[in-house]
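What you see is a predicted model, and the numbers here were worked out from it, not measured in a lab. Both backbone and side-chain heavy atoms feed into the values below; hydrogens, waters and symmetry mates do not. Index from 1, following the sequence.
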Amino acid sequence: QVRLVESGGGLVQAGGSLRLSCAASGRTFSSNPMGWFRQAPGKEREFVAAISSSGGSSYYQDSVKGRFTISRDNAKNTVYLQMNSLKPEDTAVYYCAVDRVRSLYSGRDFKPADFGSWGQGTQVTVSS
């Protein structure tokens, strides 16, 4: 079982940047694809980005393409989400999770139900 702890959230002005980190415990981290999701007040949890176990492949929600970058350091058991050019609509609690389907491909519908070992989340607030 992998335990995940997110950090790096905060308050930032529109156009600013933040880097989120997700630290994992457990030996199996490097063998698992990972994902970032977010949930705004009153909305469902939505997919943001995913990365393969090796870090060689990544996938993004259309609204964050070109602004967000997911990466991982398997030696540090950590996955990152670099967020640039932030917008007020990016305001949400951000969560990382383990991909239980373990298969990333273009066109996949990344659903929260396909992910597990959720962290507690980190709040990102973007002011206009």
Are [X] and [Y] connected in the hydrophobic side-chain network, where two residues link if heavy atoms are under 4.5 Å apart?
{"X": "V12", "Y": "V93", "answer": "no"}
{"X": "V64", "Y": "Y59", "answer": "no"}
{"X": "Y95", "Y": "F68", "answer": "no"}

Aromatic Y80 / basic R72 pairing, under 6.0 angstrom, 45° off normal: no
Measuring from atom [atom1] of [X] to atom [atom2] of [Y], what distance do you get when rounded to the nearest 0.5 angstrom?
{"X": "S103", "Y": "R108", "atom1": "OG", "atom2": "CZ", "answer": "6.5 Å"}
{"X": "Q13", "Y": "S127", "atom1": "CD", "atom2": "OG", "answer": "5.0 Å"}
{"X": "M34", "Y": "T78", "atom1": "CE", "atom2": "OG1", "answer": "9.5 Å"}
{"X": "N77", "Y": "S25", "atom1": "CG", "atom2": "OG", "answer": "8.0 Å"}
{"X": "N32", "Y": "L4", "atom1": "CG", "atom2": "CG", "answer": "9.0 Å"}
{"X": "S52", "Y": "L104", "atom1": "OG", "atom2": "CG", "answer": "6.0 Å"}

R67: partners by salt bridge (Lys or Arg N to Asp or Glu O under 4.0 Å), with sequence neighbours left out: D90
Pairs satisfying ring pair (Phe, Tyr, Trp, His ring centres under 6.0 Å), at least one member in residues 22-56, at least two apart: F37-F47, F37-F115, F37-W118, F47-F110
Donor-acceptor contact present, side-chain [X] to main-chain [Y], <3.5 Å:
{"X": "Y60", "Y": "I70", "result": "yes"}
{"X": "R45", "Y": "A40", "result": "no"}
{"X": "E6", "Y": "Q120", "result": "yes"}
{"X": "Q61", "Y": "K65", "result": "no"}

Minimal non-hydrogen separation, S85 against S17, with atom names: N-OG, 4.3 Å
For S53 against N74, the heavy-atom pair lying closest together: O-ND2, 3.0 Å
Test log, rule side-chain contact (heavy atoms from CB on, under 4.5 Å), inputs E46 and R38: CA-CA 5 Å; E46 65 173 3; R38 65 187 181 187; 2.6 Å; yes
Sidechain N-carboxylate O distance under 4.0 Å for R102, D114: no
Test side-chain contact (heavy atoms from CB on, under 4.5 Å) applied to R19 and M83, step by step: CA-CA 6 Å; R19 188 175 84 153; M83 305 186 297; over 6 Å; no
side-chain contact (heavy atoms from CB on, under 4.5 Å) assessment of T122 paired with S7: CA-CA 6 Å; T122 186; S7 62; 5.5 Å; no
Steps toward side-chain contact (heavy atoms from CB on, under 4.5 Å) verdict (L18, V124): CA-CA 9 Å; L18 284 173; V124 172; 3.9 Å; yes
